[in-house]
Asker: 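Here it is, the structure, as structure tokens.
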Amino acid sequence: MNAEALIILIYVLVLASFLGFELISKVPPTLHTPLMSGSNAISGITIVGALIATSEMGFTTLSKWLGMFALILATINVVGGYAVTDRMLKMFKKK
Amino acid sequence: MNAEALIILIYVLVLASFLGFELISKVPPTLHTPLMSGSNAISGITIVGALIATSEMGFTTLSKWLGMFALILATINVVGGYAVTDRMLKMFKKK
Amino acid sequence: MKIGVLKETKEFEKRVALSPDVVKLLIKKEFKVIIESGAGESSYFLDADFEAAGAQVVPKKEVFSADVFLKVNAFTLEEVAEMRKGAACISFLYAYQLPDLVKAFKEKQIQSFSMDAVPRISRAQKMDALSSQANLAGYKAVLLGANHLGKIFPLMMTASGTITPAKVLIFGAGVAGLQAIATAKRLGAIVECTDVRPETKEQVESLGGRFLTVEGVEGVKVEGGYAKEVSAEYLEKQQQLIREKIKDADLVITTALVMGKKSPILVTEDMVKSMKTGSVIVDMAVESGGNCELSEKNQTVVKHGVTLVGESNLPSLLPVNASQLYATNISTLLLHLANSSGFTYDQEEEIAKGVLITKDGELVHPFTKSILNL
Amino acid sequence: MKIGVLKETKEFEKRVALSPDVVKLLIKKEFKVIIESGAGESSYFLDADFEAAGAQVVPKKEVFSADVFLKVNAFTLEEVAEMRKGAACISFLYAYQLPDLVKAFKEKQIQSFSMDAVPRISRAQKMDALSSQANLAGYKAVLLGANHLGKIFPLMMTASGTITPAKVLIFGAGVAGLQAIATAKRLGAIVECTDVRPETKEQVESLGGRFLTVEGVEGVKVEGGYAKEVSAEYLEKQQQLIREKIKDADLVITTALVMGKKSPILVTEDMVKSMKTGSVIVDMAVESGGNCELSEKNQTVVKHGVTLVGESNLPSLLPVNASQLYATNISTLLLHLANSSGFTYDQEEEIAKGVLITKDGELVHPFTKSILNL
Amino acid sequence: MSNIVQIAYLIASVLFVLGIKFLGKTKDARRGNMLSAVGMLIAIVATLTTLEIMSFVEMFACMLVGGAIGLYYAKKVEMTQIPEMVALFNGFGGMASLGVALSDHFFKTQVQGVEIDTVNSVSIIASVLIGGVTFTGSVVAWLKLNGKVSGQPITFSGQHLLNLLLLLTFLGVAVMTYLFQIEPIYITILVAIALLVGVLIVIPIGGADMPVVISLLNSYSGMAACATGFILNNNVLIVAGSLVGASGIILTQIMCKAMNRSLMNVLLGGFGQTTSAGAQDGPSIVIKEIGVEESAMLFDSASSVIVVPGYGMAVAQAQHVMRELMEQCEKRNIDFRFAIHPVAGRMPGHMNVLLAEANISYDKLIEMESINDDFANTDIVLVVGANDVVNPAARTNPQSPIYGMPILNADKARTVIVSKRSMGKGYAGIENELFGYPNCLMLFGDAKQTLTKVVGEMKEMS
Amino acid sequence: MSNIVQIAYLIASVLFVLGIKFLGKTKDARRGNMLSAVGMLIAIVATLTTLEIMSFVEMFACMLVGGAIGLYYAKKVEMTQIPEMVALFNGFGGMASLGVALSDHFFKTQVQGVEIDTVNSVSIIASVLIGGVTFTGSVVAWLKLNGKVSGQPITFSGQHLLNLLLLLTFLGVAVMTYLFQIEPIYITILVAIALLVGVLIVIPIGGADMPVVISLLNSYSGMAACATGFILNNNVLIVAGSLVGASGIILTQIMCKAMNRSLMNVLLGGFGQTTSAGAQDGPSIVIKEIGVEESAMLFDSASSVIVVPGYGMAVAQAQHVMRELMEQCEKRNIDFRFAIHPVAGRMPGHMNVLLAEANISYDKLIEMESINDDFANTDIVLVVGANDVVNPAARTNPQSPIYGMPILNADKARTVIVSKRSMGKGYAGIENELFGYPNCLMLFGDAKQTLTKVVGEMKEMS
Ligand SMILES: NC(=O)c1ccc[n+]([C@@H]2O[C@H](COP(=O)([O-])OP(=O)(O)OC[C@H]3O[C@@H](n4cnc5c(N)ncnc54)[C@H](OP(=O)(O)O)[C@@H]3O)[C@@H](O)[C@H]2O)c1
Ligand SMILES: NC(=O)c1ccc[n+]([C@@H]2O[C@H](COP(=O)([O-])OP(=O)(O)OC[C@H]3O[C@@H](n4cnc5c(N)ncnc54)[C@H](OP(=O)(O)O)[C@@H]3O)[C@@H](O)[C@H]2O)c1
Ligand SMILES: NC(=O)c1ccc[n+]([C@@H]2O[C@H](COP(=O)([O-])OP(=O)(O)OC[C@H]3O[C@@H](n4cnc5c(N)ncnc54)[C@H](O)[C@@H]3O)[C@@H](O)[C@H]2O)c1
Ligand SMILES: NC(=O)c1ccc[n+]([C@@H]2O[C@H](COP(=O)([O-])OP(=O)(O)OC[C@H]3O[C@@H](n4cnc5c(N)ncnc54)[C@H](O)[C@@H]3O)[C@@H](O)[C@H]2O)c1
């Protein structure tokens, strides 16, 4: 990776981190768990990485298996994460 | 500019805009003017553009003059902006 | 000018026309003040206090040397007899009820002014003794009523059970009625009030009371802030409303007056019968006939299980404050009409015109004239 | 079990031991209730109300067939004489003051329980008639005082001048004292209060009152929430404080009691003399000797220009509420001790132990024993 | 560009972010300004290192001149004129962006003769438009604020239509500019239109709304810088520009809300800033309105306040809010009292009853005679639902039914804020000329509701 | 990668931003989750289009399996076990990052045989470390929470030293990994160390602190995703990862603050998981704190509120604030009542006097008997300076001096907020175990001051 590309990625990283900080300022305690769970689902974005890994690197056994393993785990994280968050939040609505 | 570079610039733009929105949520009325003035000074960042313009494009008369003109104005904006903001904010302290 | 203050002679009257503070003020304005000995006693103003303020305290007889006489209640014929010809008198007169007194004034060519005739205009507010006394009366009516009631006013949730708040029903939201609302509300009662004048709704609510509106009728003529005439239809609807509300009331305070007339009967014997045993009615209109059929002037009686308080002179039960305020009112009027060297008023000026009853042997007050036909 | 309610015989007593509501509750629990005719009258509970609630209303004689007798005030010897042997009695007894009654109970082997001996523990709060009655008394004391005062309580700025607020000084911030503070404050007075127990400061302030602290001394022994003993030094400093404050007071209410003892003298004759003419003292401790030297039990007297109200039975002046609350208290105690088939209490249980005075011909109450030496 | 410069830009960007963040917090505002100034310095120095300095002298000369002018005016300007100064500075910023864009355009088309790609072209055009509008708009705002041009809204029929036409023309010419890059005429026309639009959109807006306009233009100048960033492919310009652009919009909205106006309402302009009294009889009074936030700011900066309660306070049941206001003021060590007129309300002692209910201690309530001389030394008098008792006609107009009644000298105070629902009359049924006095501001609305908001604002400020 | 994919990633990133933003707001949380799920879908679909799908079958099989497992557990899990489920999912996320990093490493070194540059290398190592720690850490947290491993902190001496040593070793081996990329042994060691460290840092932390740990690990898994983004030079991974990383840290801090602990305190562990109530006698109680803002948000989203006033309200003179709170709630159509305990305060009717003073109408005051059954259906009970009257010991503990006294069933409500200054006792002088109940949140501070702030926050929200 060339330095310029890296630096611009760092821009993205820095700005996104700031944004992450600013977005969460005051959260009522009832939302702590859903928020954790919801953002956990977002961190399942590794699934994109896993997809790329299984595909591009799909030729060696080890890389492939690792990729597939990662893909399964990431999918669990994503699907389970969103589903469970939604379940929790649905509960709140009922009131 | 190639598309990839553009897109990543747009990332920067989008994230920075979001950040701009999030940063300013509640501002006491007393700070409206200083904030306006302070962020006005920041918008004087065009000075960087003006510098580049005067330098890189410093060969043609028109471009150069335009660049210099821009540089003067941008410097006024930057220096005046910061100074006047600071003056305002100093006043608040007094109370 | 020499001011003479006589001790009140009316039964149960505890007020006095001037207070030491006001005497001091008048002395500063170069009036002379002579006061009958013991005049302030029942208002807890001692002779010594008056003397300290600069008045002369003298036996009754000597007071009659004054130029202008101040009292709370109307002067007696005996008092007038002792005055010098051409003297001046100021007090509550309700002259239209006292033809003999007016005659005596005329004969003695006494200039008389009546406190109850102060016009209710903005700049006369400081002389408005009707208001100042009604205000105290409103407060006192609640206290008297509360004292006769076998319950407390406020809601109280206690280990031994919950005491529900007393319900107080007030008729008439004039000065006295409003103060009664405020006082009952302060003590924690639920207060409801009705009045013929529609603008009183907002006033009642501004004090936390609930206003009972007689629905679907207009028919009240209001003149200069006073209820003048009420249509028969209105009265009937009002009766209905009262009939309904009075059953639940613990304390009823009636303040409805119609200037110069017998006060309207708002609470009939039937209604009293429908009330809860132990409840109380304070009839503040008892002096002018009463708003309740059964109330008796100056007496507290129990009828059909309801205690009827017919105290006709409530302000007098708060003599200290009542005298203080009255003294301010009467002295302000005096200063409006006169300075230390004599009367200076312009007979056409609104206030002077309003209060002047007799002058130079003539009855000049139009309203009094219209009633007495003198 | 048959409950008998006797009409109170004490002078001026208007309360009754049960209310129709409570009767209904007892009937539901399968008790029988017989009530002396007219017992509730002065609390505005009619015989018909009781009958509607399920009680039998009978002449006095027939009441004596009951198993347990309820009253507000202590039973008279005559009443005890009419009871069957082994019956039970509940009321305020203050048994340590009534050796004859205790003897009579012993002779007749009557189980007696005293309402004034209910221990002040959390779960007994519903039986705590001392509190429920003191609470009402505190309210009433203020109303009585306010009624005797020649001024109004609140500050009022009017066209006729400003009326300064009344100053109310309260001694003792027990249940009655606190309610007095609340009531006086509601009505708009400036309220100050002093008590020997330091924790009352916060309580007084929580009601908007100002607490007067006796500076620089400790020396108060508090036991179980009651002031037990006060050092001489404290008393002296307290006197000094009172002397200073009482001069400005318009209304003084004293509530200081020391359990089982004569109440302390807080207001001396000297102090009364120093007070403003027209001011009022309500001595709520008058029953047990009074907090003011000059107050007279059950009388309202004027001494040195100060009105001294010595009403010893204030709750009785609010008979409706007082009876309601007392009925809850006494019935809760009864239900704690017994069910419809008889007494079931455990003599070692804290409440039962606290209230039981005599049983099986024995005086079992330790405190009463210690005083009476029987 | 070297990595170090890029990292410097990154640091500058972070400092700008922190700067804006802190500028919104009373305590940290000054530090925030410092931080962003440091960021600016870093960005400038970093830029200077990258340049092949051909024109060192000119550059420094320009910066010296600009810096001196900026500093001079920043120091010299009077505090009251700061808003107009900010407007002017802001305009310069916009103009600078325009200048850079033009310079780049000419350089590429005229000197280098290269084709400008779409992104660059769009960026240049955006920079010209936004920069130009910002410049003339700011200048007009500046002129309006310092009185060189009337603060009155200047409107004419067809105004909005004209603006629309101009914008369409702009779009057309923009396309031409892209297609015929070599022709300088098109971009020149663009500049002209942009400058004209700037003038046109600001003139119909009244002087009182100028702060909002300036804030919006400030946001624009950020966007212009951002566009310039795209032209130069420069991150720090994009970050700083978009930060200012976005935060400026939010700030504008906050300010609009504070003025109880919608942004649209402000921009369409021409509604005039004075409400005339809805009086049917008598001479109508010209009054000035005040909003909740401004009221809060006035209280915040006062050192003495007197409240005059009247019947309206009772009607609104605003007594409890008064206690809160008192608490807020006393927290700020503001001397706070109530002036009780003897006949305020509808019964003797009406105000006393209510204020006692609200637990306001008696010693805060001052009688008319005792307080009447203090009004002249008082920063703010808040008249809450009172009318007759502060009506100067009682002193001056013998024809008035209240003539001769003593009144509270509220009018003598430095500033009078009157909280009532409308221009409705009081008990006496007469107009109150106090409301038209120059030191009097009307805070319309139910007393309880509006004052609750004022107190809310004050809580936020502390 | 095609531009369209990049734009899709940009959109996904924006959706993640909005998703996180809304997840923090009671009303919008569910929508936020949806938005971010849509973003995820877009990112996945966009990615799929770019792939030269060689292994289509395997890929879909993996996703099906993973999706099914995820969905199954998400549906099946009991509500009470959700935190542990989240922990596990989170661990999987971390492991996935590790897997991708490893896969990339092996692919490049073993298959392609290319040199991995510094940035990439660092990214891979970071991904391995963070992903590994996240995985085993989460698994331990999961085991602790579901009781398979004791919730007690497991400590041994030299624990911190061991961790330090391990980290140093990791650094050393990391350098080796970079230098001798071709040797798979180094990276394998790195994986092992990372997994071990994950276990070691979580075991000393007590079960009650697990939520904080999970939140922190959640932040880590974000960072791991971010590192993976750097490996793959993929923006959406960087944006999403850093968003989660940053917001996770903030959330962790918020949670720590709510538990009145510092993050350090939690992480260093071994202190026991209980904040002991300042009790000298009796078992100490574990409490949760709540702040002013969070309280306001809770009220904002409630549909029924009961206030239990006690002596502390009187001491604080907070009655007027209660009326304001009532007004704020009623504005939001929240059912709002006061439950009056017969002996609340220090005199009969104490609460009545005060609430009447504050002009709260009588019909808002409900007796204990009438309201006691309603608590169970109430969203929020606010206990204001009451203590004994809501002490469940009165029902359950025959030894307690208040045993047998009827109490208000405040504990039955969904959430109980207790406003008092400290863990101070009430009149009866006994501990109140209600304060330690899971549905109970302590709002410490003088009742008037804190609740004034809560009301202030609520006003701002509306
Ligand atoms: N105190 C007494 O004993 C007594 C007795 C009888 C008469 N008066 C007379 O009453 C008058 C008292 O003067 P004042 O200044 O107190 O009252 P005022 O002159 O009657 O004025 C009250 C003002 O309050 C405003 N208002 C009403 N509701 C409001 C609300 N919800 N929020 C905000 N403002 C509201 C009204 O204006 P908007 O409609 O525009 O809101 C009105 O102009 C004097 O003229 C006095 O002579 C007094
Ligand atoms: N009602 C009566 O007639 C009567 C008479 C005598 C006794 N009692 C007894 O009094 C008790 C009443 O119960 P309760 O629940 O009302 O009160 P409580 O149990 O006495 O508790 C009051 C609580 O208020 C808190 N507090 C004090 N000041 C505060 C402030 N400024 N802000 C916030 N909180 C404050 C205290 O905790 P912090 O110190 O932590 O803030 C304390 O725990 C019962 O035990 C009852 O038996 C009642
Ligand atoms: N501007 C001033 O200076 C000033 C001063 C004091 C009073 N006032 C006004 O004077 C007016 C009268 O006050 P007041 O206290 O002397 O009144 P009042 O004593 O004459 O009457 C008391 C109240 O009874 C009401 N009433 C009469 N008949 C009734 C009926 N049948 N049923 C129910 N209510 C009935 C009246 O409307 C009045 O409100 C009020 O409007 C008051 O505001 C004005
Ligand atoms: N927990 C409960 O169930 C419960 C119920 C009711 C009352 N109480 C408590 O019982 C206690 C006594 O209440 P009470 O009303 O029966 O008291 P009381 O009638 O015995 O005495 C009244 C007050 O006078 C005060 N006092 C005594 N000597 C004094 C002196 N020399 N100077 C000034 N003040 C003096 C006492 O301290 C007390 O506050 C209080 O602490 C009250 O809170 C508890």
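In the text below, chain A, chain B and the rest are named by the order of the sequence lines, each starting its count at 1.
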Asker: So B/I10 and E/F230, do their side chains get closer than 4.5 Å, heavy atoms only?
Answerer: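 Yes - at least one pair of side-chain heavy atoms lies under 4.5 Å apart.
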Asker: Enter the distance from B/F69:CZ to E/L98:CG here, rounded to the nearest 0.5 Å.
Answerer: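 If I round to the nearest 0.5 Å, the distance is 8.5 Å.
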Asker: Under a 3.5 Å threshold, yes or no: a donor from one side chain and an acceptor from the other, between E/S97 and B/T46?
Answerer: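 Yes, B/T46 and E/S97 have a side-chain donor paired with an acceptor closer than 3.5 Å.
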Asker: Where on B/V78 is there a heavy atom nearer than 4.5 Å to chain E: the side chain, the backbone, both, or neither?
Answerer: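 Just its side chain gets close to chain E.
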Asker: Under 3.5 Å, side chain of E/N218 to main-chain N/O of B/M36, donor-acceptor pair present?
Answerer: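 Side chain of E/N218 to backbone of B/M36: a pair is present.
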Asker: Locate the shortest heavy-atom distance separating B/S17 from E/A246; write the atom from each residue and the value.
Answerer: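 Shortest heavy-atom contact: O-CB, 3.1 Å.
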Asker: Considering only heavy atoms and a distance below 4.5 Å, find which of E/T228, E/L237, E/I249, E/V239 pairs most often with chain B.
Answerer: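 Among the listed options, the one with the most contacts to chain B is E/L237.
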Asker: Does B/Y82 use its side chain to pair, donor to acceptor, with the backbone of E/S36 at less than 3.5 Å?
Answerer: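 Such a contact is found between B/Y82 side chain and E/S36 backbone.
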Asker: Heavy-atom pairs under 4.5 Å with chain B: which of E/A225, E/G222, E/G67, E/G99 has the most?
Answerer: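 Looking at each of E/A225, E/G222, E/G67, E/G99 in turn, E/G67 comes out on top.
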Asker: Could you report the tightest heavy-atom contact between B/L13 and E/C226, atom names first, then the distance?
Answerer: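 Reported closest heavy-atom pair: CD1-SG, 3.3 Å.
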Asker: Restricting to non-hydrogen atoms, name the atom on E/V244 and the atom on B/S39 that form the minimum distance, rounded to 0.1 Å.
Answerer: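 Looking at all heavy atoms of both residues, the shortest contact is CG2-O, 3.3 Å.
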Asker: Less than 4.5 Å apart, any side-chain heavy atom of E/K21 and any of B/I24?
Answerer: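 Side chain of E/K21 against side chain of B/I24, heavy atoms only: no contact under 4.5 Å found.
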Asker: Just how far is it from atom CE of E/M95 to atom CG of B/L66, taken to the nearest 0.5 Å?
Answerer: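 Spacing of CE (E/M95) from CG (B/L66) equals 8.5 Å.
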Asker: Flag the one option from E/A61, E/S219, E/A29, E/A46 with the top tally of heavy-atom pairs under 4.5 Å to chain B.
Answerer: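 Top count of heavy-atom pairs under 4.5 Å with chain B: E/A29.
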Asker: Determine, step by step, whether E/L23 and B/L89 satisfy the side chain to side chain contact (heavy atoms under 4.5 Å, CB included) criterion, reporting the C-alpha distance in whole Å, the side-chain angles of both residues, the deciding distance to 0.1 Å, and the verdict.
Answerer: CA-CA 9 Å; E/L23 268 173; B/L89 292 171; 3.9 Å; yes
Asker: Give, as side chain, backbone, both or neither, the part of E/T47 having an atom under 4.5 angstrom from any heavy atom of chain B.
Answerer: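 E/T47 touches chain B through side-chain heavy atoms alone.
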Asker: Specify which of B/V48, B/V79, B/T85, B/I42 makes the most heavy-atom pairs with chain E at under 4.5 Å.
Answerer: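 The residue among B/V48, B/V79, B/T85, B/I42 with the greatest pair count is B/I42.
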Asker: Which answer fits E/L64, side chain, backbone, both or neither, if we ask what part of it has an atom under 4.5 Å from a heavy atom of chain B?
Answerer: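 For E/L64, there is no contact with chain B at all, as no heavy atom is under 4.5 Å.
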Asker: Looking at every non-hydrogen atom in both residues, tell me the closest pair between E/F92 and B/I76 and how far apart they are.
Answerer: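 Looking at all heavy atoms of both residues, the closest pair is CD1-CG2, 3.4 Å.
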Asker: So which part of B/I45 gets closer than 4.5 Å to some heavy atom of chain E, the side chain, the backbone, both or neither?
Answerer: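 Both parts, heavy atoms under 4.5 Å.
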Asker: What part of B/A41 gets within 4.5 angstrom of chain E, counting heavy atoms only: side chain, backbone, both, or neither?
Answerer: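 Backbone of B/A41 only, per the 4.5 Å heavy-atom cut-off to chain E.
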Asker: So which part of E/I20 gets closer than 4.5 Å to some heavy atom of chain B, the side chain, the backbone, both or neither?
Answerer: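 The answer is both parts of E/I20.
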Asker: Quick one: pull up CZ in E/F60 and OG1 in B/T75 and give me the separation to the nearest 0.5 Å.
Answerer: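 Rounded to the nearest 0.5 Å, the CZ-OG1 separation comes out at 10.5 Å.
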Asker: State whether the side chain of B/R87 and the backbone N or O of E/V77 hold a donor-acceptor pair below 3.5 Å, judged by distance alone.
Answerer: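 Yes: the side chain of B/R87 pairs with the backbone of E/V77.
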Asker: If we only count heavy atoms from C-beta on, is the E/Y73 to B/V84 side-chain gap below 4.5 Å?
Answerer: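 The answer is no; the side chains never approach within 4.5 Å.
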Asker: Which value, rounded to the nearest 0.5 Å, describes the distance between B/L23 atom CG and E/L243 atom CG?
Answerer: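 Result: 6.5 Å between the selected atoms.
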Asker: For E/C62 versus B/L71, what's the shortest heavy-atom pair and its separation?
Answerer: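 Answer, listing the atom of E/C62 first, then B/L71: CB-CD2, 3.6 Å.
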Asker: Where on E/M223 is there a heavy atom nearer than 4.5 Å to chain B: the side chain, the backbone, both, or neither?
Answerer: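 Contact with chain B: none, neither part.
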Asker: Could you check whether any side-chain heavy atom of B/D86 comes within less than 4.5 Å of a side-chain heavy atom of E/M34, counting everything from C-beta outward?
Answerer: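 They are in contact (side-chain heavy atoms under 4.5 Å apart), so the answer is yes.
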Asker: What I'd like to find out is whether the side chain of E/P211 reaches to under 4.5 Å of the side chain of B/T33, using heavy atoms alone.
Answerer: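 Not touching, per the 4.5 Å side-chain cut-off.
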Asker: Measure the CE-CE distance between B/M88 and E/M85 for me, rounded to the nearest 0.5 Å.
Answerer: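 The CE atom of B/M88 sits 11.0 Å away from the CE atom of E/M85.
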Asker: So which of E/H105, E/M40, E/M63 has the largest heavy-atom pair count under 4.5 angstrom toward chain B?
Answerer: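 Ranked by contacts with chain B, first place is E/M40.
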Asker: Looking at chain B, which one of E/N235, E/V65, E/I82, E/T118 has the largest number of heavy-atom pairs inside 4.5 Å, strictly under?
Answerer: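 Ranked by heavy-atom pairs under 4.5 Å with chain B, first place is E/I82.
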Asker: At a heavy-atom distance under 4.5 Å, which candidate from B/I8, B/L19, B/N40, B/I72 has the highest pair count against chain E?
Answerer: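 Of the candidates given, the most pairs with chain E belong to B/N40.
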Asker: How many angstroms lie between CZ in E/F16 and OG in B/S43, if you round to the nearest 0.5 Å?
Answerer: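 These two atoms lie 10.0 Å from each other.
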